[in-house]
Engineer: 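Quick one: structure below, then a few questions.
On a predicted model such as this, the values are computed, not experimentally measured, just so you know. Naming convention: chains lettered A, B, ... in sequence-line order (proteins, then strands); numbering from 1 in each chain.
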Amino acid sequence: MLDLKFIRQNPDVVKAGAAKKRIAIDLDKLLELDRVVREEGVVIDQLRSEQNAKAKLIGKAAPEERARLAEETKRGKADLKVREDAQAAREAELRQLLLRVPNVPAAEVPEGRDDSENVEVKRWGEPRKFDFEPLDHIAIGELHDWIDVTRGARIAGSRNYFLKGDLSLLEGAVMRYALDLMVARGFVPLSVPTLVRSEVMVGTGYFPGGEEQAYRCDERDDLCLVGTAEVPVTALHQDEILAHTELPKKYVALSSCYRREAGTYGKDTRGLYRVHQFLKVEQVIVDAADPAKSLAHHHDIVKNAEDVLQSLQLPYRIVNVCGGDLGAPQIQKFDIETWMPSRKNYGETHSASRFHEYQARRLNMRYRDEQGTVRVCHTLNNTVAASVRMLIALIENHQQANGTVWVPPVLRSYLGGREFLGRPRA
RNA sequence: GGAGGCGUGGCAGAGCGGCCGAAUGCGGCGGUUUUGAAAACCGUUGUGCUGAAAGGCACCGGGGGUUCGAAUCCCUCCGCCUCCGCCA
């Protein structure tokens with residue numbers, strides 16, 4: 001959410017930002033409503049002030065005077081009540097409009113309509129040239145009885161799965177490795193709720209707009225399953241005023257992630273690329289409202305993810321996400337795409353976003369700066385490692401001619417020192 | 001699931017329906033004192049909206065109601081605690 005004052009003062013900047021993101025908004029309607037709300041607010045404050053003054057007089061008046069004065073004060077009440085109700089409705093509508101105003105993208109965000117126009121900014125590693133016919137992850141899974149999508153679908157519908165044996169262990173190894181790496185870099189590990197109030201989905205910017213992608217409990221609970229630990233972690237300090245001395249807050253969390261993947265029928269149906277549930281280690285930073293700091297953090301959290309991929313010896317590339325592919329909340333986003341032999345292409349495995357105060361304002365998450373001024377925080381987040389996609393990359397890229405999977409050295413201590421997973425093919 | 005209790009400022013903890021945006025203590029900040037520190041003493045210390053300012057308005061878990069007037073009364077939701085039951 002943007003600061004209403006900022007929108008008032010820079011309507012053209014906000015309009016241009018929305019246009020760059022290909023998001024339609026009626027800003028003039030919002031500004032007009034804002035004008036009415038403020039105008040009427042002055043009137044209501046004045047009326048309330050008068051009512052308060054009269055009520056106060058009654059308290060001091062002689063008992064026999066009270067009835068008459070009360071009767072008089074009663075008259076102003078009805079008018080005020082009508083105005084207050086109308087104002088409350090206007091304010092609610094204003095907030096709804098405000099929640100839909102997208103954050104203004106950074107100048108460095110490329111123009112573009114969709115993900116095909118994202119701009120590659122870096123490439124690391126060479127996609128491996130196989131001297132045998134490589135299998136895709138499903139085939140490797142079948143070979144070792146590592147993946148069971150049939151039974152996954154039977155008990156939970158399509159895009160659900162069981163991981164078995166070494167692959168299940170590998171998942172744990174990668175998650176723990178990612179977590180340990182981040183803890184070594186000073187990030188505080190968190191175990192988090194993955195079922196949150198819809199208010200928190202609004203606070204982090206997923207609602208309104210992303211309702212179709214989230215699993216929602218029924219009306220008894222008003223709880224949603226999160227699509228990422230970003231949601232509970234970013235909201236950790238909701239409604240707090242932090243001291244500048246305790247910033248930046250750096251957190252890392254491993255959690256299950258749930259995604260409905262509505263509207264993706266027929267897309268990525270083979271394999272585990274697109275699934276409803278997976279594990280992910282996520283990094284989140286909350287810091288002061290300083291664009292330079294935010295930018296530096298953005299580079300750092302991308303670097304953290306790169307270090308994970310490099311140490312796992314997985315080729316990847318980084319794209320600067322274009323305006324049309326950027327979500328409403330982000331200032332800028334870098335996606336990291338890891339090489340997946342079965343796709344003969346890079347597939348998205350990480351997404352690093354910086355938000356400035358967009359999320360923090362919605363979450364009412366603030367801090368007191370050196371001067372004692374209360375300001376809204378900045379937030380950022382990035383994947384460290386997302387389970388199934390990272391497993392796809394690992395077993396496809398590191399498969400051997402004999403069917404086994406080579407384990408990168410950094411993961412071996414999490415797998416009893418083993419160098420290869422799976423039995424060699426006969 | 002049943003019975004009861006409680007939710008007040010960074011924390012602790014008062015608060016008769018009007019004099020309460022809220023006592024007091026602790027903590028924080030500034031100062032006096034001190035070679036320095038501690039102690040003591042003095043002052044200061046919530047957030048938002050509006051306004052050039054003075055000021056005005058709102059907020060005592062959330063929402064609604066009663067009343068001329070609500071932190072204080074009523075309803076409801078949320079959260080926490082205690083006891084009983086049930087399950088792990």
Engineer: Looking only at atom P, what distance separates A39(B) and G27(B), rounded to whole Å?
Structural biologist: 8 Å
Engineer: When all nucleic acid strands are considered with a 4.0 Å heavy-atom cut-off, which category describes R375(A): base, sugar-phosphate, or nothing?
Structural biologist: nothing
Engineer: Is there a Watson-Crick or G-U wobble partner for A40(B) with both distances under 3.5 Å, and which nucleotide is it?
Structural biologist: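 Checking every strand shown, A40(B) finds its partner in U32(B), with both distances under 3.5 Å.
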Engineer: Would you please say whether a donor-acceptor pair under 3.5 Å links the side chains of Y206(A) and E230(A)?
Structural biologist: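 Short answer, yes.
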Engineer: Considering only the C1' atoms, how many Å lie between A38(B) and U47(B), rounded to the nearest integer?
Structural biologist: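 Here A38(B) and U47(B) have their C1' atoms 35 Å from each other.
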Engineer: Which of these nucleotides, G79(B), C57(B), U47(B), is closest to any side-chain atom of R197(A)?
Structural biologist: G79(B)
Engineer: Does any donor atom in the side chain of Q87(A) or R90(A) lie under 3.5 Å from an acceptor atom in the other side chain?
Structural biologist: yes
Engineer: Which sits closer to the 5' end of RNA chain B, D3(A) or N52(A), going by the nucleotide each is nearest to?
Structural biologist: D3(A)
Engineer: Rounded to the Å, how far apart are R368(A) CZ and G10(B) C1'?
Structural biologist: 9 Å
Engineer: Write down the partner of U72(B) under the Watson-Crick or G-U wobble criteria, each distance required to be under 3.5 Å.
Structural biologist: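 Across any shown strand, U72(B) pairs with none.
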Engineer: Rounded to whole Å, please give me the gap between CG in D79(A) and C1' in C68(B).
Structural biologist: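 To the nearest whole Å, that distance equals 16 Å.
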Engineer: Only pairs with both distances under 3.5 Å count, Watson-Crick or wobble alike; so what is the partner of G48(B) in this structure?
Structural biologist: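 Its partner is C57(B) (Watson-Crick or G-U wobble, both distances under 3.5 Å).
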Engineer: If you measure from the Lys or Arg side-chain nitrogens to the Asp or Glu carboxylate oxygens, is any gap between R113(A) and E117(A) under 4.0 Å?
Structural biologist: no
Engineer: Please state the C1' separation for the pair G46(B) and G10(B) - nearest whole angstrom.
Structural biologist: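 Rounded to whole Å, the distance is 10 Å.
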Engineer: In whole angstrom, give the distance that lies between atom CG of D34(A) and atom C1' of U50(B).
Structural biologist: 12 Å
Engineer: P atom, C75(B) versus C81(B): distance in rounded Å?
Structural biologist: 24 Å
Engineer: Report the distance from atom CG of D239(A) to atom P of G10(B), rounded to the nearest whole Å.
Structural biologist: 12 Å
Engineer: Just one of L254(A), V188(A), V308(A), V252(A) clears the side chain to side chain contact (heavy atoms under 4.5 Å, CB included) bar with M182(A), so which one?
Structural biologist: V252(A)
Engineer: Taking any heavy-atom pair under 4.0 Å as a contact, classify L57(A): base, sugar-phosphate, or nothing.
Structural biologist: nothing
Engineer: Would you measure the distance from the P atom in C6(B) across to the matching atom in G43(B) and give it in whole Å?
Structural biologist: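 Taking atom P in both C6(B) and G43(B), they lie 37 Å apart.
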Engineer: Could you please name the option among C68(B), G48(B), U50(B) that lies closest to any side-chain atom of R38(A)?
Structural biologist: U50(B)
Engineer: Step through it carefully: locate the ring centre of H137(A), locate the ring centre of Y273(A), and say whether they are under 6.0 Å apart.
Structural biologist: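 For H137(A) and Y273(A), the ring centres are not under 6.0 Å apart.
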Engineer: What is the distance, rounded to the nearest whole Å, between atom CG of L223(A) and atom C1' of C77(B)?
Structural biologist: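 To the nearest whole Å, that distance equals 14 Å.
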Engineer: Looking at G79(B), which nucleotide sits across from it as a Watson-Crick or G-U wobble partner, both distances under 3.5 angstrom, or is there none?
Structural biologist: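 Check on G79(B): paired to C6(B), both distances under 3.5 Å.
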Engineer: In terms of side-chain heavy atoms of A55(A), which of C57(B), U47(B), C68(B) is nearest?
Structural biologist: C68(B)
Engineer: Between S353(A) and N381(A), does any side-chain donor sit less than 3.5 Å from a side-chain acceptor?
Structural biologist: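 Judged by distance alone, the side chains do not pair up.
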Engineer: Check the distance between U50(B)'s C1' and E91(A)'s CD and give it to me in whole angstrom.
Structural biologist: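 So the CD-C1' distance, E91(A) to U50(B), works out to 12 Å.
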Engineer: Salt bridge or not between D148(A) and K164(A)? Use side-chain N to carboxylate O under 4.0 Å.
Structural biologist: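 No salt bridge links D148(A) with K164(A).
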Engineer: Could you give the distance separating A71(B) and U66(B) at their P atoms, to the nearest angstrom?
Structural biologist: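 That atom pair is separated by 16 Å.
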Engineer: Using a strict 4.0 Å threshold on nitrogen-to-oxygen distance, state whether K333(A) and D325(A) make a salt bridge.
Structural biologist: no
Engineer: Can you figure out which of G18(B), U47(B), C57(B) approaches the side chain of I58(A) most closely?
Structural biologist: G18(B)
Engineer: Would you kindly give the CG-to-C1' distance between L47(A) and C57(B), to the nearest whole Å?
Structural biologist: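 Those two atoms, CG and C1', are 12 Å apart.
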Engineer: Generate the contact string for nucleotides 59-67 of chain B. Rules: B means base contact, S means sugar-phosphate contact only, - means no protein heavy atom under 4.0 Å.
Structural biologist: ------S-B
Engineer: Side chain of R366(A) only, please: which of G18(B), U47(B), A58(B) is the nearest?
Structural biologist: U47(B)
Engineer: Can you tell me if the side-chain N/O atoms of N364(A) get under 4.0 Å from OP1 or OP2 in G48(B)?
Structural biologist: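 N364(A) to G48(B) OP1/OP2: no side-chain N or O under 4.0 Å.
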Engineer: Under 3.5 Å, is there a donor on one side chain and an acceptor on the other for N320(A) and Q332(A)?
Structural biologist: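 There is such a pair (donor and acceptor under 3.5 Å, judged by atom type) between the side chains of N320(A) and Q332(A).
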Engineer: Counting only Watson-Crick pairs (N1-N3 plus N6-O4 or O6-N4) and G-U wobbles (N1-O2, O6-N3), all under 3.5 Å, who is the partner of U24(B)?
Structural biologist: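 For U24(B), the partner nucleotide comes out as A12(B), under the 3.5 Å rule.
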Engineer: Go nucleotide by nucleotide along RNA chain B from the 5' end; which of K54(A) and R8(A) gets its closest nucleotide reached first?
Structural biologist: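 Residue closer to the 5' terminus by nearest nucleotide: R8(A).
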Engineer: Ignoring hydrogens and geometry beyond distance, is a side-chain donor-acceptor pair present between T383(A) and K280(A) at under 3.5 Å?
Structural biologist: no
Engineer: Expressed in angstrom and rounded to an integer, what is the separation of Q371(A) atom CD from U45(B) atom P?
Structural biologist: 19 Å
Engineer: When the P atoms of C16(B) and G61(B) are compared, how many Å lie between them, rounded to an integer?
Structural biologist: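 Comparing P positions in G61(B) and C16(B) gives a spacing of 15 Å.
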Engineer: If the P atom of A14(B) is compared with that of A70(B), how far apart are they to the nearest Å?
Structural biologist: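 About 25 Å, rounded to a whole number of Å.
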Engineer: Measure from the side chain of T73(A), starting at C-beta and using heavy atoms only, and say which of A58(B), C68(B), G48(B) lies closest.
Structural biologist: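 It is C68(B).
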